[in-house]
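These numbers come from a predicted model, not from an experiment.
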Amino acid sequence: MTPKMLTCVLVDDEQSNLDVLVTYVNQIPSLVLKATFNKSLEALTYLLKTPTDLLITDISMPRLSGIDLYNDIFNEGFVVNQFFVVPTR
């Protein structure tokens, strides 16, 4: 049986962190990386138009935190099945 493919979006304001996340996601055959963003507001615009299965985001970002990003998506009626927050220093 073929495993279900999950779509994934990554959001982190630090490019080096985003690069590491991309490397990890690309090693998981059942994940399809749809987009990456350095700015959470750009990610919000994208996610409101293009739903995804998995959102991996930094918790602390300028203007819109990872938690606020998720809440904004949820409040618009979209459901992200999996949500992970990646704390960075």
Side-chain heavy atoms nearer than 4.5 Å, only ILVMFWY residues, links allowed to pass through others: does that put Phe37 and Leu48 together? yes

Measure from the side-chain N and O atoms of Ser30 to the backbone N and O of Lys4, and report whether any donor-acceptor pair falls under 3.5 Å. no

Between the CD atom in Glu76 and the CG atom in Asn71, the distance rounded to the nearest 0.5 Å is 12.0 Å

Interatomic distance, Lys39 atom NZ to Met61 atom CE [nearest 0.5 angstrom]: 13.0 Å

Can Leu54 be reached from Val20 by stepping across I, L, V, M, F, W or Y side chains whose heavy atoms are under 4.5 Å apart? no

Please check: side-chain N/O of Thr7 versus main-chain N/O of Asp53, any donor-acceptor pairing under 3.5 Å? yes

For Gln27, check side-chain hydrogen bond (donor to acceptor under 3.5 Å, both in side chains) against everything at least two apart and list the hits. none

Is the closest side-chain heavy-atom distance between Lys49 and Thr45 below 4.5 Å? yes

What distance separates Leu55 CG from Leu69 CG, expressed to the nearest 0.5 Å? 5.5 Å

Looking only at heavy atoms, what is the nearest atom pair of Pro62 and Ser40, with distance? O-OG, 3.7 Å

Find the distance between CG (Asp58) and CG (Asp12) and round it off to the nearest 0.5 Å. 4.0 Å

Could you give the distance from OH (Tyr24) to CG (Leu33), rounded to the nearest 0.5 Å? 15.5 Å

Do Tyr46 and Val32 belong together in a cluster built from hydrophobic side chains that touch within less than 4.5 Å? no

Does Leu47 belong to the same Ile/Leu/Val/Met/Phe/Trp/Tyr cluster as Leu41, with side-chain heavy atoms less than 4.5 Å apart forming each link? yes

Partners passing side-chain hydrogen bond (donor to acceptor under 3.5 Å, both in side chains) against Asn26 (at least two apart in sequence or in another chain): none

Do Leu10 and Leu6 belong to the same hydrophobic cluster, where Ile, Leu, Val, Met, Phe, Trp and Tyr are linked whenever their side-chain heavy atoms lie under 4.5 Å apart, directly or via other members? yes

Side chain to side chain contact (heavy atoms under 4.5 Å, CB included) with Ile56: which of Val25, Val9, Val11? Val25

Donor + acceptor pair across side chains of Asp68, Ser65 (<3.5 Å): yes

Distance col, row Thr50:OG1 vs Phe78:CZ, nearest 0.5 angstrom, shows 8.5 Å

